[in-house]
Visitor: 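Right, I'll just put the structure down here and ask away after.
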Amino acid sequence: MDQAAAVDIVRARARGARHSLAARVVGALALAEDRRLARAHTGAVCSVAVGGAQGRWLLSAGADASVQLFDLDSSGGGGDRDGDGGAGVRLVGAARSVPARGGHARIVSSVAWYPVDGGLFTTGALDGTVRVWDAATLEEACRFDAGARVRDQALSPTGAHALVAAAAESPYVRLGDLRTGAFAQSLPAQQAGGTAVAWSPRDPYALASAGVDGSVRLWDVRRAAPHLADLGGAGPAHAGGACGLLFAPGGQRVVSVGADHVIRVWDLAAPQSPTAEFPGAASTAAAGNRLAYAPVGKCELALAGGDILFCPRGDAAVAVVDLAGGRQLAPLDGHLAPALCAAWRPARQELYTGGADSNVIAWCAPPHAAPSAGQARLRADAWSDSEPEPEQQQQQQ
Amino acid sequence: MSAAEALVAEIAAGGHDPPDGAQLRALKELCRDDESGAALRATHDALLGALSKRRATAARVAALRTMDELFRRSHQFRVLVLGRLRELFRLAFGAHDTGRVAAECYYAWVERFGAAYQRLVYGFRYLRFIEKVDFRDAARAYRRSDPENVRRRQLSHAENRREYMRRSLVAVRADVATMRRRIEDSLAVLDRCFAILAPDIAGLMDQFSARPETQRRSADRGNEDGDDEDDLDEVLAVMAANRHAINIDIDPDRILEVEETPGNAAVYDAIRDQLRLCVRAYRPRVDIWLAKLQRIDRDIDVDVEQLQALVAGLSERMAVSAAKCADLGVDPSRMHRQPADSHADASEDDFEDVSEPPPRQPQPRAAVAAPPRQHPVFSLLGDSRMAADPTYVDPRRLRSRQARPAQEAEPDPIGDMLRETAPVVSYGPDLMYWGRTEISANTSGLEVRHRFLGSARDEPVLPDAARRRLQMRAVHHAEPERPTIKACRAPLGDGRLCPRRDMVKCPFHGRVVPRDEQGRPQAGFIEAGATEAGPSEPEPTKTGPSEPEPSPPRRKRPRTGGPRRDGKCDASLFKV
């Protein structure tokens with residue numbers, strides 16, 4: 001008992017230390033002015049994922065059916081037409097990209113790195129396929145045909161098995177085995193179709209799935225029983241549809257967000273009711289009329305340090321929620337259309353969010369967000385001070 | 001209403017594009033002088049308000065232009081605009097009337113400030129890809145109008161022009177240097193010819209008129225002296241002067257009528273050649289030089305003037321010569337010789353005419369049997385030697401034979417009897433060599449030398465064994481199809497692969513499917529739709545009873561070890 005209590009205390013202290021650091025950093029997150037991801041998608045960005053050693057690689061999947069791979073540590077990409085690197089802006093060039101022709105035929109709805117190494121990644125698209133790609137050559141290694149539009153797919157972060165869970169518009173969550181290249185199992189999940197799946201980071205066989213009918217279910221993929229638990233007890237977890245799922249690193253808590261833009265935190269020990277609720281912004285009433293998180297209908301959450309949650313919102317802001325403190329911090333305002341996905345890079349404390357405005361925006365802490373010398377020069381005021389000058393300019397006009 | 005709002009209202013009400021200069025200047029001064037930034041904020045709000053008015057295109061355009069002007073000036077204003085970018089997009093790009101102006105302004109902002117404000121670029125991408133705003137016209141207008149661009153372009157234009165003129169001058173100078181000698185030689189030849197045909201008689205006239213005077217003077221001098229030699233001279237002079245009084249009126253202005261005679265044909269030919277050269281080759285070149293030199297500015301080089309004078313002189317001399325040729329009646333079209341290339345050098349005129357050989361008479365050819373025409377593909381078709389080959393059937397003869405009705409042959413009892421009892425053997429190569437005792441092996445007639453087998457200088461004869469083999473016929477029987485039986489190759493517990501080779505189904509592992517080295521089923525098997533959990537899955541689950549989708553049949557027990565204990569077999573495994 002004592003040992004367990006001591007371990008708990010140590011864990012809590014560590015968490016607290018991490019939390020304060022994370023909170024300080026996150027509190028100061030701002031739109032990065034010194035870098036910009038060079039190549040743009042020509043459609044909404046549906047999914048971003050950070051992977052590889054030190055989170056060096058960023059994958060972004062777009063509604064233009066392309067997948068782009070960025071090397072986040074590269075300095076200076078190729079010449080970008082709408083900007084010059086000379087003012088001190090680091091253009092993060094796309095290392096590779098899978099163009100629309102070579103890869104999926106439809107909107108790529110989700111992308112996920114293989115958790116063990118950055119050697120391969122999986123993508124799911126609305127053309128009904130889940131494809132496994134070799135990250136070095138960006139060639140397709142394997143393909144699973146789910147038969148219905150795949151909204152989300154995930155690999156277990158434990159790495160104990162190589163099952164890909166795919167949530168599609170069919171009543172089943174299908175598990176594909178990367179080792180055999182075939183679907184191994186189907187879980188009879190929500191009747192109307194699933195929107196998100198998430199694997200537990202502790203238990204290799206625990207899976208959570210969210211659906212259009214608003215229910216969030218927990219599964220043990222080995223067992224014969226239909227599912228372990230329903231989050232939310234009798235009623236649906238989210239009215240109007242559950243859109244996003246995330247497991248906290250401890251494996252004990254699940255965060256879910258729904259079309260009503262309410263963020264709910266559930267403890268798996270007591271799944272009937274949420275332990276915390278964070279209501280959405282006031283202006284979500286307008287956003288709620290249209291399809292939430294169009295075009296795919298799901299949003300991807302990100303966690304920083306286990307306690308700070310970034311939730312993309314339909315009003316083009318990214319909500320920042322301190323789960324431990326239980327309060328909402330100032331939202332990140334940068335997108336021009338509903339934000340759809342977020343990914344945190346812990347090695348450099350950076351956040352990358354993608355939205356329906358086809359941008360992947362990088363957010364970082366102040367030392368990096370300050371403008372460089374060249375940028376400061378461009379930013380300087382340029383009033384015409386003397387009287388004759390305006391006339392000269394008028395003559396030039 | 002603050003001063004800023006009032007000014008903005010005035011500008012919007014005025015509705016000029018571009019807005020009124022004085023009002024704009026006043027607004028700019030107001031914003032610049034206000035340290036706190038309140039004026040800028042108020043201006044920004046007022047401008048957005050002006051933009052949101054409906055059905056006031058001129059006011060909205062004026063508001064946009066004002067916003068553009070302030071955006072270029074003030075960092076604070078830029079931050080304000082970027083803070084409410086979505087609203088600006090909705091107001092400016094949402095309506096059609098301000099779309100073009102807004103695109104121009106925004107594109108210019110992105111070009112100038114995009115490196116310093118990333119949000120501008122993000123907004124640009126959003127407009128371009130999601131809202132599908134067309135920025136091509138805006139891009140064109142920006143490139144044309146940006147003052148730096150314009151200045152750069154003008155500079156480069158002037159620089160290019162000077163460079164072009166320099167190069168042109170160098171080229172003309174080189175050209176003149178090469179051609180000048182030839183042109184002057186040509187002109188000199190022409191002048192000499194003219195001198196021969198039409199000598200300068202003005203001098204002669206003077207000489208004629210001067211001569212009697214000198215003679216008279218000398219005659220007067222001679223009278224005074226009274227010498228004997230002078231007396232003779234004097235007498236002669238008087239005689240000459242009195243005796244012949246011929247008045248020769250030569251009017252140098254009157255054109256001499258010179259015509260072409262066989263005597264001066266050579267001169268005329270020379271003139272014609274040179275004239276042809278001048279007219280066809282030199283005149284155009286000189287004109288081109290003149291034109292190029294005229295276009296070059298004087299300040300490029302010092303000797304532009306000199307060169308131009310030189311070339312002009314050449315041109316003038318050629319014109320004068322051409323006029324003289326016309327006066328002399330030189331007809332350049334009538335030529336004794338037809339030159340091959342009028343642009344040829346003068347050295348080509350040294351060639352002499354070669355008389356044409358007499359036309360060849362068609363020789364009566366010796367009757368040579370022409371080789372028969374070969375078929376382009378079947379070279380032996382129609383060859384007479386093929387008639388000796390019994391394995392060859394000439395298609396033409398065959399057709400004619402088939403067309404002809406069967407002829408009545410004369411009765412041949414012995415032949416008929418033999419034919420009844422003879423075995424029917426179809427033609428084959430063995431019939432060709434039937435009964436032959438010696439068959440030559442090297443029928444090509446070439447001497448074949450082999451590295452190890454020796455040379456075939458003397459006619460080689462096929463050995464007996466080979467000859468006998470040639471006369472045999474080989475009958476090939478097809479082997480019955482044997483299905484290849486593959487091993488099961490499923491992974492066993494101890495790392496080996498199952499070595500059993502069953503035809504359809506291995507009793508331990510089910511249907512025999514293609515597997516790779518590790519025992520994993522191959523891709524072809526997967527696409528067939530069957531699913532196999534494989535021994536890595538410890539316990540597959542059983543799905544509920546209320547399952548509409550026909551999922552593959554689930555196993556009740558893991559397949560390790562022996563076959564089913566109850567002796568039955570699972571019928572689904574036999575579905576191939």
Visitor: Does the side chain of A:Asp381 come within less than 4.5 Å of B:Gln76's, by heavy atoms?
Guide: no
Visitor: Using non-hydrogen atoms only, which part of B:Tyr117 is less than 4.5 Å away from chain A: side chain, backbone, both, or neither?
Guide: both
Visitor: Looking at B:Lys28 and A:Trp383, what are the two nearest heavy atoms and their distance?
Guide: O-CZ3, 3.6 Å
Visitor: Which heavy atom in B:Arg119 sits nearest to a heavy atom in A:Leu336, and how many Å separate them?
Guide: NH2-CD2, 4.1 Å
Visitor: Looking at A:Asn359 and B:Tyr122, what are the two nearest heavy atoms and their distance?
Guide: ND2-O, 2.8 Å
Visitor: Might you point out which heavy atoms bring A:Arg179 and B:Arg520 nearest each other, and give the distance in Å?
Guide: O-CD, 3.1 Å
Visitor: Can you tell me which portion of B:Leu70 sits under 4.5 Å from chain A's heavy atoms? Options are side chain, backbone, both or neither.
Guide: side chain
Visitor: Search all heavy atoms of A:Arg379 against all heavy atoms of B:His75 and return the closest pair with its distance.
Guide: O-CB, 3.1 Å
Visitor: How close do B:Arg86 and A:His335 get, counting heavy atoms only, and between which atoms?
Guide: CD-O, 4.1 Å
Visitor: Which bit of A:Ala44 is near chain B, if near means a heavy-atom gap under 4.5 Å: side chain, backbone, both or neither?
Guide: backbone
Visitor: Under a 3.5 Å distance rule, please check whether B:Arg125 uses its side chain to pair with a backbone N or O of A:Ser358 as donor and acceptor.
Guide: no
